[in-house]
Each structure stands twice: as structure tokens, then as C-alpha cells.
Number of protein chains: 2
Amino acid sequence: MQSYTEENYLKTIYHLAEKTTNVQTNAIAEQMQTKPASVTDMIKKLADKGLVDYIKYQGVTLTEIGKNTAIDIVRKHRLWEVFLVDKLNFKWDEVHDVAEELEHIKSIELIERLDEFLGFPKADPHGDPIPDKNGRFAKTQFIKLIELKIGDHGTITGVTQHSSAFLKHLEKLGLTLGKKIQISDVTDFDGSVEILLSGKQINISREVAKHILISSNGKN
Amino acid sequence: MQSYTEENYLKTIYHLAEKTTNVQTNAIAEQMQTKPASVTDMIKKLADKGLVDYIKYQGVTLTEIGKNTAIDIVRKHRLWEVFLVDKLNFKWDEVHDVAEELEHIKSIELIERLDEFLGFPKADPHGDPIPDKNGRFAKTQFIKLIELKIGDHGTITGVTQHSSAFLKHLEKLGLTLGKKIQISDVTDFDGSVEILLSGKQINISREVAKHILISSNGKN
DNA sequence: AAAAATTTTTAGATTTACCTAAAAATAAAA
DNA sequence: TTTTATTTTTAGGTAAATCTAAAAATTTTT
Ligand SMILES: [Mn+2]
Ligand SMILES: [Mn+2]
Ligand SMILES: [Mn+2]
Ligand SMILES: [Mn+2]
């Protein structure tokens, strides 16, 4: 059984490992809002418990058990987010902090029944995939909006930035999950993207376009 | 802001104060499954924070703030229990431990929306009253089944024992919340009670009868 | 009112999760 | 290949929540 803190470390290492192969002490410290020295302490403990492989100065990787544990926490986090949005009418920018606490409730029965109650959702309110109880993710094929060419179209299916500011901004623009869009133009000057959304033309900054995921239903 | 541990102490003191005016160190220790020395440490801390009044060797009482905090935790505990039973189909004997964890999730918004989602329930799955967001309890008038006389009738509206063994036993007997009963006979020999339940005669021990609460809709 | 039993508190440690400051290892630059 | 910069680890400490053992206060019994 892991502590609340250990679980958060495992989850952080898991997410960092999605981006970089070799997870560094400083990166963990930054993400966890703590000091590198504290991270070293915890890594040693996790290594003793067989949850991570660790070579001094060479960073960490999750063991099979560590990875499964991390995925289970991710599963809980995302299921709770669905609950908060679908059942309690929270907005997608309001759910993260509460889910951050709820993900640590220890009851297998609870999470399986919650999954069923929610209708076995495949994605959370931000489009992130929800692993099943065996830790398997449904395969997904996303493209970043920024990578689309003029004329390409598709459906908004996720975001890669979860800050409340960004999510509220998208909401205001009408860029929510499930919306269909088409690229009208890309501005040379600032890289901003002109898109067709529900019959209207809107312009979004390059920065925004970078963080929107599209399931492309066809080029041009 | 209180820690998980502080909250559990406050709740324990609150419940003990429902039975005895003067809450003793040893009683808290027993309830919290810890040692009296640890209780003394924590009581001092709670006193420093203004959550309890404390005189050495004279036991503790909750301050106004301490009491409100405790009631808020009780509210959360009971609302989560309703959620688990009504929405996730847990049995009434399975919810306590999970609610024990969920009660510590810190979000006022969450609990208010949960309350609404559940239809502002007035009682939890064990018949215990749920305080409103201002900490006020609906007035209830319960009598212990054991106190009823032959011919008296009423509706089962609560239990004063939450052990899984007891609750499962009641379930098997068909003695669940909302059921109407009438006292047919009381056995002199062992104090067991003969009751009429849904047209059938059943016999329950004195020990069981002591822990069932009845809202009496009339004598004889 | 003593003596005995019980309850409660203190004293001194332990464990977990942190921290700061300094040393050591590794990586990058000159 | 030194020097410099960055990253990581060690050393030593703190605070929260526990514990055991022993002392002190209170209550009960004789
Ligand atoms: Mn968390
Ligand atoms: Mn999410
Ligand atoms: Mn609790
Ligand atoms: Mn209950």
C-alpha cells in the first residue's frame, strides 16, 4: 500500500516518462513543487519498494508494478473528473484539484462501480483516455490542430494544456470537445489560425492551436 | 485548515460528546485505535488551535468552531454514504470505510453539488440525520424498538449499531429502513421480541431490538 | 483518610515527508 | 582538456503523528 505522497510521485514520474525516456530528479521536483533533495529521498524509498528502477545520477524509470500503480491512479483521476462534470455539473476547468484528492481514495470496488455508473467512459472531460481496469488504453489517433493544413477538417477531441485560464478561453471561443472545425487559413505573420466553427470564422493564436487535439476525419 | 487526523479526532470527540458530557482521553484513544499519550498530544494541539476547550485531567469539550467543523465532517460522511448506496448500489453494511476516507475531501463546492445531486437527503443509509450546510439537523423523534409495548407499531427509521455483522443480520431478517412493524409479544425468558413484519411473525433477540430505531406512528 | 486502582500526562524515541547548505558527479563550454 | 555550469546527492535538521515506559493526578475502594 502506498501513501498519498508516494502515489503522487508515481503519477508524476509516469507523466514525465510520456515525454522523456529518462526522468530526471529536477523535473520531478519542479512538477511536485518540492526540492530535488526531497525527490532523491523519495526515489530511494520507491526503489526499495520495487516501484522504480534507479541508478544514481541516471534518473528513474517505473517498474512494471510501479507503472501499473501509476496507471491505476490516472484511471481514478480521470473517472472522478468525468463524475464531476457529467453528474455534478462542474465545468471542465474546475475539476482538476478535486480529482487530485479523490484519486487517492483506496477502494477497488468503489472505482469499478463508479466506472459502471458513468457508463464506462473512454475519455475524461479534457479528452484524455481512461485506461480500463486492466490498465489498457483504447488506441487513439490525435493530431495537433497546429499541424493541420488549410482545408483540413476534424473534431476537437482533446487538449494538452489543463490550466483553468486556457480551458476558460477555449470555452469562450466555443472550442469544446466534440465540435467540428475546418482550417480556413494560416497567417504568415504570427502563425495564428483561421478556422471555421459552426458556420463562423474565428481566429486563434498559434499558442492556442498548439494545445488542441483533433481527430482528423480527412485531409482537405 | 485541519489535517485528516485532526478531523478524525474532532469527529470522534463530537460523537463521544453525544453520549457523555465529559469526553475522556481513554475513550478517545479507544475509538481512534491509538494510545492515550497520543490523544493527549493531539488534544493540546486542538486546544492551541481553538477547536477544543481542555483542562488537564478534566477531559475535553468542543468549542463552537470545533463543533461546527465536526458537524461538517459528519455531513460529508453521511452524504457520501447516501451516494454510495443510492447511486453506486453499495449495501448499507459496505459503505462505512469508504465514507471514512471520502469525508476528508476538501471542497465546499463538491459537497454542495453532491447534496443537490442526491436530492438533499435528510438521512443516511443507517437512518442517521444529515445536517444541512449550516450544520442544522432536522428534528427527529425515534424510539428504540426495545422500548415499545405489545401492540405498538411503527416504521424502522434507523439503527444505533453500524457493524457489518449487525447490518447483514437485519438485512437477512428483512428489517430494513422503511419497513413497518408491530410488536406481537415480548418473551419473559430472554427478553426477545416477537414482531409482525409484512404479514409474517419473526422473533428477534433483545440485543438486536436494542439497536433498532422506530418512528412510532401510534401506540397500541 | 489511607491504600489501591484507574486515568491521564510527561519524557524520550521513532517514522514520514519535508527542508537548507554543502559536496559530488555529470554535462557543457571554452 | 581544463574550466564552468548544471544536476544530483549527501549531511544534518525540522515538524507532525505516532509509540513505550514511567510519573503524576484523580477516583474508587477499603
Ligand atoms: Mn494527487
Ligand atoms: Mn483530465
Ligand atoms: Mn475519517
Ligand atoms: Mn452512516
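Values in this document were obtained by computation on a predicted structure and should not be read as measured data.
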Parallel, tilted or perpendicular: which one describes the rings of A/Phe166 and A/His211, with boundaries at 30° and 60°? perpendicular
DNA chain C: stems of at least 3 consecutive Watson-Crick or G-U pairs whose donor-acceptor distances fall under 3.5 Å: C:1-30 with D:1-30
Using a cut-off of less than 4.0 Å, is there contact between a side-chain N or O of A/Thr25 and OP1 or OP2 of D/dT9? yes
Just the rounded figure in Å: distance from C1' of D/dT27 to CG of B/Asn22. 13 Å
Under a 4.0 Å heavy-atom cut-off, which of residues 29-39 of chain A touch DNA chain C? A/Thr34, A/Lys35, A/Ala37, A/Ser38
Does either side chain, that of B/Glu207 or that of B/Ser205, offer a donor lying less than 3.5 Å from an acceptor on the other one? no
In plain terms, say whether B/Asp72 and B/Lys76 are close enough for a salt bridge, that is, a side-chain N and a carboxylate O under 4.0 Å apart. yes
If you check the A/Thr40 side chain, which of D/dT8, C/dT7, C/dT10 turns out closest? D/dT8
Which nucleotide in the set C/dC19, C/dT8, D/dT8 lies at the smallest distance from any side-chain heavy atom of A/Asn26? D/dT8
A/Asp41 has an atom CG; how far is it from atom C1' of C/dT15, in whole Å? 13 Å
For A/Ser164, what residues pass the side chain to side chain donor-acceptor pair (under 3.5 Å) criterion, not counting sequence neighbours? A/Asp93
With sugar-phosphate meaning primed atoms plus P, OP1 and OP2, does B/Tyr4 contact a base, only sugar-phosphate, or nothing at under 4.0 Å between heavy atoms? nothing
Under the ring pair (Phe, Tyr, Trp, His ring centres under 6.0 Å) test, which residues partner A/Phe117, sequence neighbours left out? none
My understanding is that only residues two or more places apart in sequence, or in another chain, count here; which of them pass salt bridge (charged side-chain N to carboxylate O under 4.0 Å, His left out) with A/Glu7? A/Lys106
Send over the distance from A/Glu7 CD to C/dT16 C1', rounded to a whole Å. 15 Å
Only residue of A/Lys122, A/Lys133, A/Arg78, A/Arg75 satisfying salt bridge (charged side-chain N to carboxylate O under 4.0 Å, His left out) with A/Asp115 is A/Arg75
Side chain to side chain contact (heavy atoms under 4.5 Å, CB included), paired with A/Leu46, selected from A/Leu62, A/Val52, A/Val60: A/Val52
Check the phosphate of D/dT9 against A/Lys44, side-chain N and O only, distance under 4.0 Å to OP1 or OP2. Yes or no? no
In whole angstroms, how far is the P atom of C/dT10 from the CE atom of B/Met42? 16 Å
What parts of residues 53-63 of chain A reach DNA chain C, counting only heavy atoms under 4.0 Å away? A/Tyr57
Interatomic distance where CD belongs to A/Gln24 and P belongs to D/dT9 [whole Å]: 10 Å
